[in-house]
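Contents: one structure, followed by commentary.
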Amino acid sequence: MSDGPTYGFDTLQIHAGARPDPATGARQTPIYQTTAYVFRDADHAAALFNLQEVGYIYSRLTNPTVAVLQERVATLEGGVGAVCCSSGHAAQIMALFPLMGPGCNVVASTRLYGGTVTQFSQTIKRFGWSAKFVDTDDLDAVKAAIDDNTRAVFCESIANPGGYVTDIRALADVADAAGIPLIVDNTSATPYLCRPIEHGATLVVHSTTKYLTGNGTVTGGCIVDSGKFDWSANDKFPSLSAPEPAYHGLKFHETFGPLAFTFHGIAVGLRDLGMTMNPQAAHYTLMGIETLSLRMQRHVENAEKIAAWLEKDDRVDYVTYAGLPSSPYYERVKKYYPKGAGALFTFAVKGGYDACVKLVNALEIFSHVANLGDARSLIIHSASTTHRQLTPEQQEAAGAGPNVVRVSIGIEDADDLIADLDQALSKACA
Ligand SMILES: *Cc1c(COP(=O)(O)O)cnc(C)c1O
């Protein structure tokens, strides 16, 4: 596809980044199942290794199938470039890696995916990095948490699981004033429902494992760069602004301009951390993205119907779906999510812990799994699974109290899903 006119989302989700295979004319993007690429000659090889020419060397760094996915996600998010990697968690480390150094910190929302809380509060300490968790609705607290060693602010667009909607613009303004980037995990919203870069985000990260792939087949991650951040405005980001010893003193920002972060992610991040996405995974995710808008429309339609039905049901205490008029975030949804607030929410069952366990056991269409963003409807009782290790107070704070289940509404018939919930609630609350 040419760079011509600005195409609509539905066109770009099928075509962006792809062209018929130059060798065979294959219309679908081939799975380039190869580790290495033959150099034209020794000069070509030298130019590639010096980053003087862009091309394929070795699949830990770049692969043509993965490259199509990178360009597709970058285009859908409105960024200038993207780097794919092996999982959403890998994407988070890869996003922080060029920004942080020993002693640096990230100011992160308290409302994050459970695995991210663990990665940020425990594991990154091994690199000498740390995270400060703040309530991102309290902008003064965010400002107060940012110190001379803070290198990024991190949040999720729609936070999993509690139906929390982040005021991305307000956070972006705070990060901007401090001269640091805002990183938004856009996994639960997808670029179809929200494009954080349009609201001031510098970087967007994804677990492509979820809605982008859309059928629970492969893990993957992606970091999209807006290309708008000035990495040389202060001396906080030497990996991007200062000479890089491993490339004969090349300065990424000076050399690659708006693509500095993306080139660094490949030439240093993937080269040395090796969290590479494999071409098979990229293929599955490309297949998924072709129908992203259609699926998200149905996910939202079903979630709205089911959340409204649950909210009226006597056996249910409350429902935390941001798309319900009763949600405290309903006004933010109108601003950031005109096409709907996603398909992920929690609800509280009156019978408490025991009723929740019976509910997940009695459901027939919903699968009891630790995943989200599948075409299938999924449910998890966090208190007896993912949040088992936490104290009741910590569970409550995480929106995962003993009486709460989280659902990821799939794209099946909404009436069938409601009937399934109805019969299982009857058993659970008998
Ligand atoms: C699943 C998920 C992650 C982690 O992604 P993996 O692909 O499982 O590593 C991060 N953030 C959010 C919001 C997620 O849902």
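All values below were derived from every heavy atom in this structure, side-chain atoms included, with hydrogens, water molecules and symmetry-related copies excluded. One-based numbering, in listed order, for ligands and for the atoms of each.
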Can you check ring-ring contact (aromatic ring centres under 6.0 Å, His included) on Phe229 and Phe261, steps first, answer last?
-> CA-CA 9 Å; Phe229 196 85; Phe261 191 93; 9.6 Å; no

Any N or O of Ser188 closer than 3.5 Å to N or O of ligand 1 = no

Got an N/O contact under 3.5 Å between Leu372 and ligand 1?
-> no

For Gly220, the ligand 1 atoms with a heavy-atom partner under 4.0 Å come out as 7 (O)

Counting from 1 in the order shown, the ligand 1 atoms closer than 4.0 Å to a non-hydrogen atom of His89 are 4 (C), 5 (O), 6 (P), 9 (O)

Could I get the full list of ring-ring contact (aromatic ring centres under 6.0 Å, His included) partners for Tyr353, not counting sequence neighbours?
-> His381

Does a side-chain N-to-carboxylate-O contact under 4.0 Å join Lys236 and Asp148?
-> no

When you check the gap from the basic side-chain N to the acidic O, do Arg315 and Asp422 get nearer than 4.0 Å?
-> yes

Of the listed options [options], closest to [atom] (non-hydrogen atoms):
atom	options	value
atom 8 (O) of ligand 1	Ser207, Ala90, Gly221	Ser207
atom 11 (N) of ligand 1	Thr219, Thr187, Asn186, Asp185	Asp185
atom 10 (C) of ligand 1	Glu156, Lys210, Gln92	Gln92

Do other residues, nucleotides or ligands put more than 12 heavy atoms under 6.0 Å from the OH atom of Tyr247?
-> yes

Might you confirm whether atom CZ of Phe120 has over 12 heavy atoms from other residues, nucleotides or ligands at distances under 6.0 Å?
-> yes

Please report which non-hydrogen protein atom sits nearest to atom 6 (P) of ligand 1, along with the residue it belongs to and the distance in Å to one decimal place.
-> Gly88 N, 3.3 Å

Determine the sole option in Tyr337, Tyr211, Phe9 for which the ring pair (Phe, Tyr, Trp, His ring centres under 6.0 Å) test with Tyr192 is passed.
-> Phe9

Ligand 1 contacted by Ala159 (non-hydrogen, < 4.0 Å) = no

